[in-house]
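To start, the structure under review is shown below, and the notes come after it.
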Amino acid sequence: MSKKINFAIIGCGRIAQRHAEQINKFGFLKAVCDIEVNKAQDLGQKYNATAYQSIEELLLKEKNIDVVSICTPNGLHAEHTIKALNAGNHVLCEKPMAIKVYDCGEMIKAAERNNKRLFIVKQNRFNPPVVAVKEAIDKGVFGTIYSIQLSCFWNRNFDYYKNSWKGTKELDGGTLFTQFSHFIDLIYWMIGDIKNVYSFKDNFGHKNIIEFEDTGVIALKFYSGALGTINYTVNSYGKNMEGSLTIFGEKGTVKIGGQYLNELEYQNIENFKFSDLPEGNPAYNYGQYQGSMSNHYLVYENLIDVLTNGGTISTNSYEGLKTVEIIDKIYTSAQKSNLLS
Ligand SMILES: NC(=O)c1ccc[n+]([C@@H]2O[C@H](COP(=O)([O-])OP(=O)(O)OC[C@H]3O[C@@H](n4cnc5c(N)ncnc54)[C@H](O)[C@@H]3O)[C@@H](O)[C@H]2O)c1
């Protein structure tokens with residue numbers, strides 16, 4: 001594929017704006033779709049793309065699309081991804097890949113059957129300290145990894161969930177899916193797959209606002225033998241406080257911190273020092289709240305590299321499934337613990 005790539009976006013809400021900006025740099029935005037017609041029209045007008053109100057109509061009429069970017073609520077990713085793949089398009093799907101492991105399997109099958117690529121957005125993998133620490137782990141700089149601590153202390157207030165799919169079991173799925181699936185992906189990517197999980201969850205500050213937990217604590221055992229803990233909440237008072245990962249290895253300790261794993265906060269490593277890490281990008285600012293690092297241009301750069309130069313997908317669908325499987329293990333364990341308590 002040497003020509004410029006044609007894209008469509010499904011779901012024209014907040015994150016779709018970031019996708020459209022990148023598509024405009026890397027290719028052509030040909031069509032957009034939202035069930036709220038004014039949202040599709042606004043985005044379509046801005047980028048000279050045809051606006052649709054249904055994905056079926058878009059896929060039927062737009063025959064020159066190469067890649068469909070799925071920016072709809074979590075619970076709709078599987079349905080929309082499978083439709084776009086079956087219509088003969090590659091798909092870039094926002095995180096989380098889906099909220100059910102079964103659905104991830106169906107998405108993978110649809111990609112394989114149609115021989116199309118399925119990319120999952122996990123832009124935190126591109127945060128400079130994350131890239132550096134992952135490379136050092138792979139080179140054995142830390143020796144055996146003994147244990148890790150993941151802290152996810154963010155704030156999401158009533159206004160964030162008001163009149164939204166966010167906070168609903170069916171379309172959001174849980175706090176680990178919408179707020180912290182990036183961080184679960186990072187521990188899977190950096191430390192490995194998780195064998196055993198023991199967890200508790202509760203809703204302290206968002207009763208009658210969200211249909212699931214706002215807080216959880218988790219003990220983990222990785223297949224490698226490493227132990228881990230995760231402490232997550234959207235009750236950090238007034239604002240996001242921290243998104244951090246501390247790694248204790250045989251030959252060194254490191255903490256990647258900041259609000260979204262964007263700063264190297266601590267290091268003490270045998271014969272090794274991280275220095276001159278590139279400045280990261282700021283967080284996405286959605287007005288009333290902040291999200292992860294604004295790295296979508298790196299996600300699109302990778303997509304173009306894969307489709308035009310035979311590059312490797314930075315987060316493929318099997319890895320996307322792993323995050324969903326780990327979250328499913330955590331929630332299943334928490335349900336059992338809550339029954340016992
Ligand atoms: N990678 C990141 O950092 C990041 C950041 C924010 C959101 N996200 C993910 O992006 C997705 C969208 O989140 P958002 O914050 O933009 O939500 P949003 O509510 O602002 O946008 C979602 C849009 O999808 C539309 N929609 C709903 N059902 C539809 C359907 N059947 N067909 C077409 N459009 C439909 C809605 O009308 C809405 O405009 C979520 O999966 C979220 O987890 C990722």
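By convention here, the first residue in the shown sequence is residue 1. Both ligands and their constituent atoms are indexed starting at 1 by order of listing.
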Side chain, backbone, both or neither: [X] near ligand 1, heavy atoms under 4.0 Å:
X      : answer
His77  : side chain
Glu94  : side chain
Ile55  : neither
Trp165 : side chain

Please state whether the rings of Phe183 and Phe180 are parallel, tilted or perpendicular, taking 30° and 60° as the class boundaries.
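Parallel.
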Hey, can you tell me if Phe26 and Tyr300 have their rings parallel, tilted or perpendicular (30° and 60° cut-offs)?
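Judged by the thresholds at 30° and 60°, the geometry between Phe26 and Tyr300 is parallel.
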Under a heavy-atom criterion of less than 4.0 Å, does His80 contact ligand 1?
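The answer is yes, since His80 has a heavy atom less than 4.0 Å from ligand 1.
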Taking the non-hydrogen atoms of His296, is any one of them nearer than 4.0 angstrom to ligand 1?
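For ligand 1, residue contact (heavy atoms, under 4.0 Å) with His296 is present.
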Between Leu76 and Phe177, is there shared hydrophobic-cluster membership here, with clusters defined by ILVMFWY side-chain heavy atoms closer than 4.5 Å?
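Leu76 and Phe177: separate clusters.
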[X]: numbered ligand 1 atoms lying under 4.0 Å from its heavy atoms:
X      : result
His182 : 1 (N), 2 (C), 3 (O)
Lys39  : 38 (C), 39 (O)
Lys166 : 14 (P), 15 (O), 17 (O)
Gln123 : 1 (N), 2 (C), 3 (O)

For [atom], which candidate among [options] provides the closest heavy atom?
atom                    : options                      : result
atom 27 (C) of ligand 1 : Gly11, Pro73, Cys71          : Pro73
atom 28 (N) of ligand 1 : Thr72, Ile120, Leu76         : Leu76
atom 37 (O) of ligand 1 : Asp34, Asn295, Leu171, Val32 : Asp34
atom 29 (C) of ligand 1 : Ile99, Ile35, Asn74, Ile9    : Ile35

Is there a donor-acceptor contact under 3.5 Å from the side chain of Gln267 to the main chain of Phe274?
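Flag set: sc Gln267 to bb Phe274 pair under 3.5 Å.
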Ligand 1 N/O within reach of Ile15 N/O, cut-off under 3.5 Å
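N/O-N/O distance under 3.5 Å: yes.
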What I want to know is whether Thr178 and ligand 1 share at least one N or O pair that is separated by under 3.5 angstrom.
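So ligand 1 has no N or O lying under 3.5 Å from an N or O of Thr178.
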My understanding is that only one of Asp185, Asn302, Asn295 makes a side chain to side chain donor-acceptor pair (under 3.5 Å) with Arg125; could you say which?
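Of the listed options, the one satisfying the test is Asp185.
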Using the six-membered ring of Phe28, assess whether NZ or CZ of Lys30 lies under 6.0 Å from its centre and within 45 degrees of the ring axis.
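Yes - Lys30 lies over the ring of Phe28, closer than 6.0 Å to its centre and within 45° of its axis.
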Using the ring of Tyr331 (Phe, Tyr or Trp, six-membered ring only), decide whether Lys201 places NZ or CZ under 6.0 Å from its centre and within 45 degrees of its axis.
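Yes, cation above the ring, under 6.0 Å and within 45°.
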For Thr178, side chain to side chain donor-acceptor pair (under 3.5 Å) partners two or more places apart
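If we apply the side chain to side chain donor-acceptor pair (under 3.5 Å) test to Thr178, skipping adjacent residues, the hits are Asn74, Asp172.
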Give the table of side-chain donor-acceptor pairs shorter than 3.5 Å for residues 133-145, with sequence neighbours excluded, one pair per line with atom names and distance.
{"residue": "Lys134", "atom": "NZ", "partner": "Asp138", "partner atom": "OD1", "Å": "3.4"}
{"residue": "Lys134", "atom": "NZ", "partner": "Asp138", "partner atom": "OD2", "Å": "3.2"}
{"residue": "Lys134", "atom": "NZ", "partner": "Trp189", "partner atom": "O", "Å": "3.1"}
{"residue": "Glu135", "atom": "OE2", "partner": "Lys139", "partner atom": "NZ", "Å": "3.4"}
{"residue": "Thr144", "atom": "OG1", "partner": "Glu250", "partner atom": "OE1", "Å": "3.3"}

Quick check, are the ring centers of His90 and Phe119 under 6.0 angstrom apart?
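So the answer is no for these two rings.
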